[in-house]
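Indexing begins at 1, ligand by ligand and atom by atom, following the structure's order. Reckoned from all heavy atoms, side chains included, excluding hydrogens, waters and symmetry mates.
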Amino acid sequence: MIEKQAQTVYTSLKGRVIFITGGASGIGASMVKAFVGQGAKVAFVDIDESASQNLLTCIAEKFPENQFVWYKNTDVTDSEALQSAVDEAAAFFDGFDVLVNNVANDTRQDVSNVSAYDWHKCMQVNLDPAFFASQAAFKYMRENKRGSIINFSSITALIGLEQGAGYVTAKAGLVGMTKALARDFGDYNIRVNAILPGWIATDRQLASWLTEEEEQRWMEYMALKKRILPADVAKLALFLASDDSALITGQGINIDGGRT
Ligand SMILES: NC(=O)c1ccc[n+]([C@@H]2O[C@H](COP(=O)([O-])OP(=O)(O)OC[C@H]3O[C@@H](n4cnc5c(N)ncnc54)[C@H](O)[C@@H]3O)[C@@H](O)[C@H]2O)c1
């Protein structure tokens, strides 16, 4: 998929350390590229080794001079491993400025078949990592007296999603977590915001659910009848990570072409 880089250069992002969960594919990969394009130092974790290696190759080809990408194969449902990855990235880059809690798994399941195990697994990947990564990042951001945390929610937290009760519940929880942590961290000049994407045309969505027919039906409810690409979402993340959004915290921002 052809992606356009952001037209804006955020001078405040140059040299900043950005940590992205689930960065190997989809919106995460687009954000990795967008932050690298801004001259940031980017750390990402993911469980998909082959997608991660592909992304590293792609970055090496696109930005041959770039020395500033760090990656670790990490299962974010292991909170201790996730927190260790935050510490390792901070040590590697000697700093930590921005945390993007992007990872998720939106696998659908009939409500009647959801076991207690399934429900807890769903929270472990869709809700818990944002809290534990934020807790680990807070140590560094508090010391710097500056930081930006971006939580990936979803407009499904506002409009629902069939066969997605656990996912939607977690995404609504992320809006609450954003409000709560924005208050806890505000005294340290650490901002916490949420991005609520509409339906974004990632490879996974296109392969699984975003058929031509579904897209047309969805667009009937959008004010802007245009496909939203991962790069469009990455541009919003750049803004929220940069000092240009210095007075914005505790907010959830929808990027859905006016679907909600
Ligand atoms: N794509 C959309 O239409 C859409 C809509 C609304 C919200 N969102 C949100 O935006 C964010 C990114 O969405 P996306 O569509 O790019 O997601 P995606 O499913 O395409 O990518 C998620 C990434 O997380 C990784 N991952 C999954 N489980 C993991 C684990 N246990 N440990 C480590 N890594 C793991 C995957 O390998 C993948 O690289 C998510 O939070 C998602 O909920 C997406």
Open item on the list: For N151, run the side chain to side chain donor-acceptor pair (under 3.5 Å) check against T178, N102, N193 and tell me which one passes.
Closed with: T178
Open item on the list: With respect to D46, determine whether any N or O atom, backbone or side chain, lies less than 3.5 Å from an N or O atom of ligand 1.
Closed with: yes
TODO: For ligand 1, find out whether one of its N or O atoms is nearer than 3.5 Å to an N or O atom of D75.
DONE: yes
- [ ] Give the numbers and elements of all ligand 1 atoms closer than 4.0 Å to a heavy atom of I27.
- [x] 10 (O), 12 (C), 13 (O), 16 (O), 44 (C)
- [ ] Return yes if a side-chain donor-acceptor contact under 3.5 Å exists between E214 and W209, otherwise no.
- [x] no
Open item on the list: Taking 4.0 angstrom as the limit and counting only heavy atoms of N102, give me the atoms of ligand 1 inside it, by number and element.
Closed with: 11 (C), 12 (C), 40 (C), 41 (O)
TODO: Note the single closest protein heavy atom to atom 3 (O) of ligand 1, along with its residue, its atom name and the distance in Å.
DONE: I200 N, 2.8 Å
Open item on the list: Return the closest protein heavy atom for atom 42 (C) of ligand 1 as residue, atom name and distance.
Closed with: Y167 OH, 3.5 Å
Open item on the list: Checking D97 against Y140: is there a side-chain donor and acceptor pair closer than 3.5 Å?
Closed with: no
Open item on the list: Is it the case that atom NZ in K14 sees more than 12 heavy atoms from other parts of the structure closer than 6.0 Å?
Closed with: no
- [ ] Would you confirm whether any non-hydrogen atom of the protein falls under 4.0 Å from atom 26 (N) of ligand 1?
- [x] yes
TODO: Measure the distance from atom 35 (C) of ligand 1 to every protein heavy atom, then report the residue, atom name and distance (to 0.1 Å) of the closest one.
DONE: V103 CG2, 3.4 Å
Open item on the list: Is there a polar contact, in the sense of an N or O pair closer than 3.5 Å, between D106 and ligand 1?
Closed with: no
Task: Residue selection (non-hydrogen contact nearest atom 7 (C) of ligand 1) among G28, S208, A104, S153 - done: S153
Open item on the list: Does N113 have more than 12 heavy atoms from other residues, nucleotides or ligands lying within 6.0 Å of its CG?
Closed with: yes
- [ ] State whether the shortest distance between N or O atoms of V76 and N or O atoms of ligand 1 falls below 3.5 angstrom.
- [x] yes
- [ ] Say whether P197, considering both its backbone and side-chain N or O atoms, lies within less than 3.5 Å of an N or O atom on ligand 1.
- [x] no
- [ ] Using distance alone, with no hydrogens and no angle criterion, decide if S25 and R204 have a side-chain donor and acceptor under 3.5 Å apart.
- [x] no
Open item on the list: If the cut-off is 4.0 Å to any non-hydrogen atom of Q205, which atoms of ligand 1 fall inside it?
Closed with: 1 (N), 3 (O)
Task: E143 atom CD, over 12 foreign heavy atoms within 6.0 Å - done: no
Task: Non-hydrogen atoms of M123 and A170 that approach each other most closely - done: SD-CB, 4.0 Å
Task: I47, any N or O under 3.5 Å of ligand 1 N or O - done: yes
Open item on the list: Quick test: of every protein heavy atom, which one is nearest to atom 23 (C) of ligand 1, and how far off is it to 0.1 Å?
Closed with: G22 O, 3.6 Å
- [ ] Return yes when Q124 approaches ligand 1 closer than 4.0 angstrom through a heavy atom, no otherwise.
- [x] no
Open item on the list: Which residue and atom name correspond to the protein heavy atom nearest atom 15 (O) of ligand 1, and how close is it?
Closed with: T202 CG2, 3.7 Å
Task: Counterpart residues, salt bridge (Lys or Arg N to Asp or Glu O under 4.0 Å), relative to D244 (two or more places apart) - done: none
Open item on the list: List ligand 1 atoms under 4.0 Å from D48, heavy atoms only on the residue side.
Closed with: 37 (O)
Task: Modelled atom types, side-chain donor and acceptor of E212 and Q216, under 3.5 Å - done: no
- [ ] Check whether any N or O atom of S25, backbone or side chain, sits under 3.5 Å from an N or O atom of ligand 1, and answer yes or no.
- [x] yes
- [ ] Answer yes or no: is there a donor N or O on one side and an acceptor on the other, between the side chain of R191 and the main chain of I248, under 3.5 Å?
- [x] yes
Open item on the list: Show me which atoms of ligand 1 lie under 4.0 Å from any heavy atom of G198.
Closed with: 3 (O), 4 (C), 5 (C), 6 (C)
TODO: Could you tell me the residue and atom name of the protein heavy atom closest to atom 10 (O) of ligand 1, and the distance to it rounded to 0.1 Å?
DONE: F152 CD2, 3.4 Å
Task: Shortest non-hydrogen separation from T260 to I159 and the atoms involved - done: CG2-CG2, 3.9 Å
Task: Per-atom contacts, ligand 1 versus T74 - under 4.0 Å to a heavy atom - done: 32 (N), 33 (C)
TODO: Compute the centroid of each ring, for F68 and then for F63, and state whether the two points are separated by less than 6.0 Å.
DONE: no
Open item on the list: Please list, in number order, the atoms of ligand 1 under 4.0 Å from a heavy atom of V125.
Closed with: 28 (N), 31 (N)
Task: Steps toward side-chain hydrogen bond (donor to acceptor under 3.5 Å, both in side chains) verdict (D118, S115) - done: CA-CA 5 Å; D118 295 333; S115 64; 3.1 Å; yes
Open item on the list: Please list, in number order, the atoms of ligand 1 under 4.0 Å from a heavy atom of R204.
Closed with: 19 (O), 20 (O)
